[in-house]
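A quick note: this is a predicted structure, and the numbers were derived from the prediction, not measured. Whatever order the structure lists ligands and atoms in, that order sets their numbers, starting from 1. All heavy atoms count here, side chains included; hydrogens, waters and symmetry mates do not.
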Amino acid sequence: MATKAAKATVSTQYDAIVVGGGHNGLVAAAYLARSGARTLVLEARPKTGGAATTEAPWPDAPEFRVTRLSYVMSLLPPTIINDLQLARHGYKIYPMGPYYQAFPEGGSIKLYADDAKRNYEEVSRWSKKDAEAMPRWDAWLAGLAEVLGPLLLTVPPNLGSRKPRDLAETLKLAWRNRGLNVRTIADVTRLMTMSIADLLDVWFESSQVKGALAVNGVIGTWAGPYEPGTAYVMAHHSIGDVGDGHLGNWGFQEGGMGAVADAIAAAARENGAEIRTGARVQEIMVKNGRAAGVVLDNGQQLTAKLVVTSLHPRTAFLDHVGRQNLPDDFVSDIEHWKTRSGVVKINLALAELPDFTADPGTSLQEHHTGSVEMAPSMPYIERAFQDAREGRPAVRPFSDGVIPTAFDKTLCPEGYHIMSLFTQWVPSDWNSQPHAEELQAYADRMIDCYNEVAPNFKSSILHRDVVGPYEMEHDYGLIGGNIFHGELSLEQLFHMRPAPGFADYRTPVPGLYYASSATHAGGGVCGIPGMQAARAAIADRKRSRRR
Ligand SMILES: Cc1cc2nc3c(=O)[nH]c(=O)nc-3n(C[C@H](O)[C@H](O)[C@H](O)COP(=O)(O)OP(=O)(O)OC[C@H]3O[C@@H](n4cnc5c(N)ncnc54)[C@H](O)[C@@H]3O)c2cc1C
């Protein structure tokens with residue numbers, strides 16, 4: 001039987017083809033088009049954005065729009081915002097309010113990203129000692145961010161390679177970090193190796209404060225707070241800023257995360273890129289050992305000497321490039337890539353704001369404007385993980401909740417609200433079956449947890465949308481349901497992301513570049529993989545033209 005590829009009839013030539021119209025693919029396309037390359041983006045879904053998407057999930061209530069998967073911005077660097085002039089294309093962030101947790105046993109805590117005095121007041125209600133420690137903790141984190149922040153924009157060197165160019169890059173990195181002293185190296189080592197629970201035990205005593213600070217250590221992670229490496233995950237989520245200079249501050253994009261992707265798409269188009277949706281790539285063509293273009297699932301072939309893929313590594317390499325075109329070591333690395341999360345996103349339309357017993361009232365107050373958490377203590381978070389690890393959905397899940405409509409009036413009619421609950425965990429293999437009924441029961445329990453501290457919560461829900469790992473994998477291409485295209489575990493970071501020897505956004509196939517969240521500085525809506533892959537491709541293109 002003829003293959004779809006063999007039936008291809010139409011052939012079109014581009015300078016560069018970008019596979020995947022998520023935000024990273026769009027960033028790559030914008031830079032490539034800006035460099036003068038005739039660029040085409042191919043996106044399988046009917047719309048661009050990937051995991052940065054705003055959708056109306058309730059057909060009978062299209063006036064309610066939710067930011068269906070990712071929900072807050074922090075990591076997109078000013079370089080990309082400025083290079084692509086994203087503000088002109090609609091990039092507009094409302095900095096979030098404080099972290100807020102109302103406790104089932106009574107009381108609440110607020111933590112501010114940038115207000116030491118109020119933090120002192122809040123924390124001293126739980127522990128004077130912790131209130132004293134908080135400014136030192138903030139300063140410690142800021143010191144680490146000075147080291148780690150620039151690394152986000154560093155192309156990882158090919159450690160261990162003896163090629164002169166690789167050795168030079170490694171030495172350059174060492175030279176740039178020559179200012180580090182014994183203490184800083186020790187702090188970075190601790191951060192990279194400790195669990196968030198152990199790290200916080202060093203600094204704080206009250207379970208309320210530790211629970212509050214632990215959340216960032218387990219977001220999107222298949223690991224409880226007692227697992228080594230979760231301290232780094234906390235740092236990954238704490239070193240960005242939304243462009244206003246406040247470290248670790250997060251913000252809401254007006255119009256939801258889809259509007260971030262739309263702004264990048266507009267910049268790409270303005271630079272001359274063509275974007276096709278509903279165009280599913282089935283194969284990346286490799287001819288004479290080089291990338292040569294792609295084949296769509298309708299059989300159409302599109303040729304380009306330069307291909308950038310921004311898909312999950314399993315799809316990009318094992319499905320699209322094919323094992324036969326890749327070195328065995330690389331194939332083995334990608335086969336063993338860890339890609340679990342156990343995340344469930346619950347999007348809600350609310351008739352009124354949650355009325356917390358600890359901070360009463362349904363009119364908009366400060367505690368509605370930031371993270372509205374359900375992570376009251378370290379053992380609570382750990383229990384949720386252990387449930388899932390033992391093979392059942394968490395009985396009492398933890399949640400990083402936000403109400404973007406505290407600021408953003410574009411998502412729903414006046415007087416109503418959208419609430420987004422980023423929750424964990426369900427078993428890591430729920431990506432292979434829909435588990436529809438169990439997901440609804442899980443969502444019920446999550447809502448009950450909030451209802452214990454805000455008794456109007458359940459009755460205020462008009463519509464709900466529950467997105468589990470199966471839908472994330474099958475509808476959005478997030479294999480294994482991992483929110484970052486791959487876990488942020490230590491052996492998958494920096495020069496190991498996505499595979500040793502290929503962390504410089506190049507791949508074993510000349511002419512093929514890799515721009516997904518599974519490369520360094522991903523995950524998150526940071527655009528860095530897209531920018532770096534485009535830079536590598538543009539540099540190689542110039543070099544080959546000179547030759
Ligand atoms: C529930 C959830 C919550 C999150 N919360 C946050 C958050 O608040 N803040 C944050 O910074 N990050 C968050 N993240 C992570 C962040 O959204 C991702 O890391 C990031 O969006 C990934 O971008 P990407 O462009 O690398 O990949 P993707 O967004 O996955 O884009 C890849 C694109 O390729 C397309 N595609 C797949 N297969 C094909 C094919 N065969 N042919 C053509 N196209 C194809 C997909 O449809 C998709 O559009 C969250 C993720 C999830 C899932």
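With 3.5 Å as the limit, one finds no donor-acceptor pair spanning the side chains of Ser310 and Tyr514. Side chains of Tyr71 and Gln253: no donor on one and acceptor on the other come within 3.5 Å. With 3.5 Å as the limit, one finds a donor-acceptor pair spanning the side chains of Thr423 and Tyr442. For the residue pair Tyr513/Asp540, the side-chain donor-acceptor check at 3.5 Å is satisfied. Side-chain contact, Glu254 with Tyr91: no donor N or O sits under 3.5 Å from an acceptor N or O.
With values rounded to the nearest 0.5 angstrom, Leu348 atom CG is found 8.0 Å from Arg464 atom CZ.
At the top of the distance list for atom 25 (O) of ligand 1, counting protein heavy atoms only, stands Asn24 N, 2.9 Å. For atom 52 (C) of ligand 1, the closest non-hydrogen atom on the protein side is Ile483 CB, 3.5 Å. Scanning the protein for heavy atoms near atom 12 (N) of ligand 1, the closest one is Gly524 CA, 3.4 Å. Annotation: atom 29 (O) of ligand 1 to nearest protein heavy atom, Ala51 N, 2.9 Å. From the protein, the heavy atom lying nearest to atom 42 (N) of ligand 1 is Val281 N, 2.9 Å. Closest to atom 22 (C) of ligand 1 among all protein heavy atoms lies Ser517 OG, 3.2 Å. Looking only at protein heavy atoms, the nearest one to atom 13 (C) of ligand 1 is Ser70 CB, 3.4 Å. Nearest protein neighbour of atom 49 (O) of ligand 1, counting heavy atoms only, is Glu43 OE1, 2.6 Å.
Note on ring orientation: taking the six-membered ring where Trp is involved, the planes of Phe64 and His463 are tilted (angle from 30° to 60°).
Using a 4.0 Å cutoff on heavy atoms, Gly477 does not count as a contact of ligand 1. At a 4.0 Å cut-off, at least one heavy atom of Val72 sits close enough to ligand 1 to count as contact.
Residues that satisfy the side-chain contact (heavy atoms from CB on, under 4.5 Å) test with Phe502, not counting sequence neighbours, are Phe330, Pro508. For Arg45, the side-chain contact (heavy atoms from CB on, under 4.5 Å) partners are Glu43, Lys47, Thr53, Glu55, Tyr476, not counting sequence neighbours.
Numbered from 1 in the order shown, with element, the atoms of ligand 1 that lie under 4.0 Å from a heavy atom of Leu42 read 43 (C), 44 (N). Within ligand 1, the atoms closer than 4.0 Å to a non-hydrogen atom of Leu478 are 30 (O), 53 (C), numbered from 1 in the order shown. Distances below 4.0 Å separate heavy atoms of His320 from the following atoms of ligand 1: 41 (N). Using a 4.0 Å cut-off to heavy atoms of Arg45, the atoms of ligand 1 that qualify are 47 (O). In the vicinity of His485, heavy-atom distances shorter than 4.0 Å reach the ligand 1 atoms 26 (O), 27 (O), 28 (P), 30 (O).
Any N or O atom pair closer than 3.5 Å counts here, and Tyr476 shares no such pair with ligand 1. Between Ala44 and ligand 1, a contact under 3.5 Å exists for at least one N or O pair. Backbone and side-chain nitrogen or oxygen atoms of His23 are examined, and one is located within less than 3.5 angstrom of a nitrogen or oxygen of ligand 1.
Atom CD of Gln324 is surrounded by more than 12 heavy atoms from other residues, nucleotides or ligands within 6.0 Å.
Only side-chain heavy atoms of Leu311 come within less than 4.0 Å of ligand 1; its backbone N, CA, C and O stay farther off. Within the 4.0 Å heavy-atom criterion, the part of Ala279 lying near ligand 1 is the backbone and not the side chain. If you look at Gln282 next to ligand 1, there are no close heavy atoms at all, none under 4.0 Å.
A side chain to side chain donor-acceptor pair (under 3.5 Å) with Thr339 is found for exactly one of His312, Glu473, Glu487, Gln492, namely His312.
Counting heavy atoms only, Val525 comes closest to atom 11 (O) of ligand 1 of the residues Thr315, Val41, Thr53, Val525.
With contacts defined as side-chain heavy-atom distances shorter than 4.5 Å, the pair Phe484/Arg497 qualifies.
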Do Met192 and Leu493 pass the side-chain contact (heavy atoms from CB on, under 4.5 Å) test, and can you show the C-alpha distance, the side-chain angles, and the key distance before you say yes or no? CA-CA 10 Å; Met192 301 308 271; Leu493 293 179; 4.2 Å; yes
